[in-house]
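Structure, as structure tokens:
Proteins get letters first, then strands, A, B, ... in listed order; numbering begins at 1 in each.
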Amino acid sequence: MNLSVWTEVAPHAPVLLRGLLINIQLLLGLISLGLVVGVVTALIEVYAPRPVGIAAGAYTWFFRGVPEIVLLFLFYFGLSQFGVPVSAFFAAVLALGLRSSAYQAQIFRGAFQSIPHGQMMAARALGLGRLRAIVHVVLPQALRLSLAGWSNEFSSVLKDTTLAWGIGVVEIMRQASYIRARNFTLTLPIYVTVALMFLVLTYVGNLAIGLAERKLRVPGLEGQR
Amino acid sequence: MALLRVENLHKRYGHEEVLKGVTLAQDAGETKVVIGPSGTGKSTLLRCINRLTEPDQGRVWLEDTEITSRRTDINRVRAKIGFVFQDFNLFTHLTALDNVRLGLMKVRRMPRAAATGRAMAELERVGLAAKANAYPAQLSGGQQQRVSIARALAMDPKLILFDEPTSALDPELIGEVLSVMIQLARDGMTMIVVTHEMGFARSVADEIVFMEGGVIVEQGTPDKMFRSPEVPRTGEFLRKISDLYGESR
């Protein structure tokens, strides 16, 4: 690869970035969905009566056990089959988000279980109901402890957004393949560019999480760093 | 009428019956010290009073509220009963001030400023106003226990239950906690204290309750219990425990 190749790639950068913006939107959608559903699933697994806990366990087992690309197809083609018209983007957020929730539930569950039971008792003894004790005492600690594991999940799902290519979301990989189709000599430089863009994103994301971790740190409550 | 009445309380864990029918009454302003060998149901008794542990049988009243009734809002009752744990159980992620303020703001719905004022006053009372912004991990065991006492006091409890409050402390930290408790007793706080600290029992208890095997063996004033117990086993236990823990404090 000589220098001239890169000057040929440069004009395509805006298109790639437009694709990357879709990946970022996918990421924000799926990780938020995964966070909310993941916390709730973990709460159910730790605190709910056994049958409900088992159902939550089955849920995480399913979403951790099925390949992501299969989940994408199931949600995209499956939902429309049942008469629920979904856009490829929405199907991708749903499939990847629910999958991420299963992984995030594992992270949060461990964190919930690591909060000493005595603190829960002390909260109950003050007159806080069970749910409010969890919200005010267990959750703030568990979320802090989860940050390290969560940054791992973040890096992982950030890259998984490229799988949405498989169901036709016009994200960065789709844009890259369009460019490549028009000029095969750019194949390698284009994908190197995509790789670099993800490296930067991962770096920035983890930097932000690291900052949050430092800002939220409390003496005596150290996460696994 | 007694402030607290406990009637025929039973609790069983598996095959073992930890409480085999405990009955007692406590007047407002009274300090009761519960003693006895470990595993005889003293902690279980305290936990059954505010139903942190659900008793199998028996009734508990706080004034005219039956705590053990299904219809009673247990959270409202618990807000009136302070509980001090052996291992403090402070909330790790909150400063001393926030530990004391949490119940005021979230249970009693006190506005932030008022809660802060009240919490600072309680920290002052246990001699820790200067540590208001310290996290539990930055405090010694004795300081943590004093914060947990302030946390209980802030709720304006009608009664405070102490579950071996000094058992997890290094010997040189016990005194600071006991002196706070002695002051509370003298100020007229109603307290039930499970402890082995005989010096404390002798100096502030209105009544000593000796429990063994899930029942109350004997109860009476410190004078009677130390000098002329009716049950030989009471005297034997008190002599042993006094040798072990001393009475100097």
Side-chain angles (χ1 to χ4, degrees), chain A residues 35 39 42-43 46-50 107-150 209-225, chain B residues 43 46-47 49-54 73-96 98-109 133-139 144-145 147-149 151-157 159-163 168:
Chain A
L35 178 68
V39 167
L43 282 173
V46 177
Y47 295 106
R50 226 176 128 58
I107 299 170
F108 296 131
R109 189 180 60 158
F112 284 137
Q113 285 167 337
S114 74
I115 309 302
H117 180 63
Q119 293 190 39
M120 186 72 182
M121 277 215 298
R124 299 304 308 275
L126 281 175
L128 283 169
R130 192 144 182 257
L131 191 62
R132 303 188 67 218
I134 291 171
V135 167
H136 294 299
V137 172
V138 179
L139 209 56
Q141 298 186 53
L143 291 183
R144 279 180 174 89
L145 290 176
S146 301
L147 269 173
W150 199 80
I209 296 171
L211 280 176
E213 220 176 330
R214 231 158 301 150
K215 186 141 175 61
L216 294 171
R217 182 160 298 151
V218 162
L221 187 75
E222 312 298 349
Q224 318 78 318
R225 289 193 284 151
Chain B
S43 295
L46 290 194
R47 277 158 204 233
I49 288 175
N50 71 350
R51 279 171 59 193
L52 281 180
T53 294
E54 210 59 63
D73 177 356
I74 190 62
N75 291 326
R76 289 188 65 155
V77 175
R78 283 180 182 153
K80 295 181 200 164
I81 302 178
F83 203 108
V84 174
F85 297 86
Q86 179 175 343
D87 35 14
F88 335 132
N89 291 337
L90 291 181
F91 308 126
T92 314
H93 64 303
L94 298 179
T95 61
D98 282 329
N99 264 279
V100 180
R101 212 162 43 171
L102 184 75
L104 292 174
M105 289 171 63
K106 302 300 175 193
V107 178
R108 293 190 43 194
R109 313 262 181 201
N133 292 316
Y135 287 95
Q138 297 165 324
L139 299 172
Q144 289 188 54
Q145 192 60 297
V147 171
S148 96
I149 292 173
R151 176 173 67 180
L153 285 170
M155 301 293 286
D156 267 331
L159 160 78
I160 303 185
L161 308 173
F162 292 83
D163 188 5

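- Of the two parts of B:Asn50, only the side chain, counted from C-beta on, holds a non-hydrogen atom closer than 4.5 Å to a non-hydrogen atom of chain A.
- Considering only residues two or more places apart in sequence or on other chains, B:Phe88 meets the ring-ring contact (aromatic ring centres under 6.0 Å, His included) condition with none of them.
- Looking at B:Arg47, only its side chain comes within 4.5 Å of chain A, counting heavy atoms on both sides.
- Below 4.5 Å, heavy atoms of chain B meet heavy atoms from A:Gly118, A:Gln119, all part of residues 108-119 of chain A.
- If you take CG on A:Leu126 and CZ on B:Arg108, they are separated by 11.5 Å, rounding to the nearest 0.5 Å.
- Considering every non-hydrogen atom in both B:Arg78 and A:Arg124, the closest pair reads CD-O, 3.1 Å.
- Shown here are the side chain to side chain contact (heavy atoms under 4.5 Å, CB included) partners of A:Arg132, two or more places apart in sequence or in another chain: A:Leu128, A:His136, B:Lys106, B:Arg109.
- Comparing B:Arg151, B:Arg76, B:Met155 by heavy-atom pairs within less than 4.5 Å of chain A, the highest count is held by B:Arg151.
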Passes side-chain contact (heavy atoms from CB on, under 4.5 Å), B:Asn89 versus A:Met120? Steps please. CA-CA 8 Å; B:Asn89 291 337; A:Met120 186 72 182; over 6 Å; no
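- In this structure B:Phe83 satisfies the ring-ring contact (aromatic ring centres under 6.0 Å, His included) test together with B:Phe85, sequence neighbours excluded.
- Contacts between B:Leu102 and chain A at a heavy-atom distance below 4.5 Å involve the side chain alone, from C-beta outward.
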